[in-house]
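To start, the structure itself, in structure tokens.
Every heavy atom of this structure was used, including side-chain atoms; hydrogens, water molecules and symmetry mates were not. Residue numbers begin at 1 in each chain, while the letters A, B, ... track the order of the sequences.
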Amino acid sequence: MTMSSSETAKDRATRGDEAVQSWDLAEQPTQSRLWHRFRRHRGGMVGLVVVLIMFFISVAAPLLSTHDPLAISKGNQFLPPSPAHFFGTDEFGRDIYTRTLHAGRISLLAGAVAALTAAALGVPLGLVSGYAGRGLDAVIMRCIDTLLAFPALLLALTIVAVLGPGSVNAMIAVAIVGLPGFARLARASILVQKEMDFVLAAQAVGATARRIIFRTVLPNSLAPIIVQLTLAVAFAILVEAALSFLGLGTQPPDASWGAMLLSGRGHLRRAWWYGFFPGLFITSLILGLNSLADALRDVLDPTMVNQGNNL
Amino acid sequence: MVVYALRRLVQTLPVLFLSSILVFGLVRFIPGDPAMLIAGPDALPEQIVAARARLGLDKPIYVQYAIWLGQVVRGDLGVSILNGYPVFDLIARKFLATLQLTAGGLLVALCVSLPLGILSSVRRGGWFERLTSLVVALGQAIPTFWLGILLVLVFSLQLKWLPPSGQVAFSQKPGLALRLMILPSLTLGFYSATVLTRFLKSSMLEVMEMDYVRTARAKGLAETGVLTRHVLKNALIPVVTILGLQLGAFLGGAVVTESIFDWPGLGRLMLQAIGTRDYPVLQGTVLFIVTTFVCVTLITDLTYGFLDPRIRYQ
């Protein structure tokens with residue numbers, strides 16, 4: 001990961017800046033053309049399918065489960081994978097397959113809520129900062145720089161230390177950590193568009209600042225924001241899992257992938273499967289989301305089309 | 001260059017100042033009264049009042065901040081609530097372990113990314129490039145904590161080649177110390193290795209398209225000479241920035257890696273401080289890591305400006 005993530009916010013912000021600069025407003029393609037381009041992107045299609053599968057199995061976890069995720073079963077501790085328990089059992093005899101599916105619900109929900117909250121706060125902040133310029137811009141951007149001065153996981157850990165452990169507090173922490181990326185992206189977007197004719201025209205006919213920011217500029221900034229949102233969901237899932245792995249995210253007996261890996265780590269000698277399957281699910285989902293984000297960047301940014309993915 | 005360096009320094013100071021406010025403020029937000037915590041559960045009200053006065057908690061918040069900042073600047077980060085040790089000494093002792101791990105991670109990142117980045121840009125379209133792409137995609141998706149668990153499963157528990165966790169000083173048992181460093185370094189460095197590979201490859205490909213590279217080839221210079229003296233030398237410049245950011249990532253990632261491998265560094269110190277609600281230690285550790293991160297970023301920017309003069313004039 002990745003947690004590896006302190007630079008990630010900056011990396012993503014930088015990528016966002018580039019995306020905005022290369023986004024040619026004059027060449028906005030239609031939805032059908034975008035879908036056609038996306039379908040031709042093999043990596044993107046694979047990513048989309050993986051994400052949809054993970055979404056489906058998480059939503060349908062109660063239907064796909066073979067056991068109760070919280071049911072303790074004495075005498076069934078540490079059973080290896082078998083037709084009765086696809087992914088084996090844990091130290092309380094609970095079915096790891098069932099718990100892994102249910103954990104996906106928490107991870108996906110945490111990732112989506114945290115990323116959307118970060119976007120909902122960061123985008124308006126960046127747009128207002130970029131449009132206002134001068135003093136307000138300097139104040140907001142110094143605050144954003146301060147958040148970026150913290151390695152991402154460190155900031156999330158500190159916030160959770162203040163708020164207390166738990167999945168909701170972990171989501172709040174992850175949202176705050178993800179906020180600067182969106183703010184910088186939106187600011188870069190408005191700085192590019194501020195001098196364009198259509199914005200000057202809107203100003204000339206007397207449109208209010210709010211109208212220009214949210215009705216004129218924001219719709220033209222959606223492409224890089226969508227890409228950033230996809231990456232932010234992946235990032236949020238990873239940070240939430242890391243917090244849970246450190247014992248500060250989702251608390252027992254609820255299942256989350258990070259918390260399962262934390263428990264599994266203590267029993268690696270007896271049960272390799274305990275620390276294996278939850279990690280496989282996280283990695284697959286992040287791989288899918290990253291591929292999807294790469295494809296969206298290629299498809300939504302006309303200057304990147306036909307250049308392919310560098311790697 | 002001096003003007004550029006001064007400008008960057010001036011830009012860094014407000015960030016450091018605001019970071020110190022954030023760290024101070026966050027810890028003050030933590031529920032509970034530090035004076036009660038220090039005075040103990042059986043303390044009398046007057047003892048709590050005395051503890052409050054001793055800690056300066058009876059003063060306005062901005063005065064408390066000014067006093068705290070004055071102490072921090074003089075290297076006084078307070079004492080641990082848990083054991084009474086000076087926080088600065090605790091951090092200094094643990095920082096060496098984290099520095100050792102960071103060096104290991106950096107070595108892994110460079111040893112993996114340099115050959116992968118260079119070869120995959122030179123041998124485009126072949127199996128090597130596809131394999132590199134796969135490694136890079138995996139490296140950016142696999143969580144550090146799962147990678148650590150997998151490495152322990154394979155190399156410690158199955159193959160029994162390496163010890164699963166712990167740390168000893170190099171001066172005591174150099175062989176064991178080195179063996180204990182391998183898995184944590186691989187865990188910490190793998191993600192950065194893939195990030196650097198990706199950047200180095202795209203940077204190499206960009207430089208290869210430059211006119212001066214074509215000229216070098218046209219004048220009959222051997223391909224190895226073109227790659228090392230003209231392409232790689234220039235392609236590495238933007239990679240320096242990424243490397244600097246990765247050092248910051250190591251400081252964050254160390255929390256997870258140290259937790260997996262029972263590595264007694266800053267990350268574990270911070271986790272213990274959170275677990276025991278030892279706020280001076282938590283405050284001191286976070287401030288120390290953030291200051292280090294900001295300084296590394298500053299040095300990276302200055303190095304970049306030194307290597308590429310165009311940056312200084314932007």
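- Between A:Leu238 and B:Ala141 the shortest heavy-atom distance is CD2-O, 4.3 Å.
- Residue B:Leu150 touches chain A through its side chain alone, counting heavy-atom pairs closer than 4.5 Å.
- Under the 4.5 Å side-chain criterion, counting only non-hydrogen atoms from C-beta, B:Leu271 is in contact with A:Leu157.
- The aromatic rings of B:Trp146 and A:Phe276 lie tilted to each other, with the angle between the two planes from 30° to 60°.
- Contact of B:Leu134 with chain A is not made at all, since no heavy-atom distance falls under 4.5 Å.
- A 4.5 Å side-chain heavy-atom check between A:Phe150 and B:Leu22 finds at least one atom pair inside the cut-off.
- Interface residue B:Leu26: backbone and side-chain heavy atoms are both found under 4.5 Å from chain A.
- The heavy-atom pair separating A:Ala241 from B:Phe145 by the smallest distance is CB-CZ, 3.6 Å.
- Taking both residues in full, the closest heavy atoms of A:Ala161 and B:Leu282 are given as CB-CD2, 4.0 Å, listed atom of the first, atom of the second, then distance.
- Proximity to chain B is limited to the side chain of A:Leu147, based on heavy atoms less than 4.5 angstrom apart.
- In this structure, chain B has a heavy atom under 4.5 Å from the side chain of A:Leu248, while its backbone stays farther away.
- The distance from atom CD1 of B:Ile289 to atom CG of A:Leu155, rounded to the nearest 0.5 Å, is 12.0 Å.
- Sparse packing is recorded around CD of B:Glu206, with 12 or fewer heavy atoms of other residues, nucleotides or ligands lying under 6.0 Å away.
- In this structure, B:Ile149 and A:Arg265 approach most closely via the heavy-atom pair CD1-CB, 4.1 Å.
- Nearest approach of B:Met270 to A:Leu154, heavy atoms of both residues: SD-CD1, 3.2 Å.
- In terms of heavy atoms, B:Pro143 sits closest to A:Thr283 at CD-OG1, 3.3 Å.
- Between the OG1 atom of A:Thr158 and the CD1 atom of B:Ile274 there is a distance of 6.5 Å, given to the nearest 0.5 Å.
- Considering only heavy-atom pairs separated by less than 4.5 Å from chain A, the leading option among B:Val294, B:Leu153, B:Thr291 is B:Leu153.
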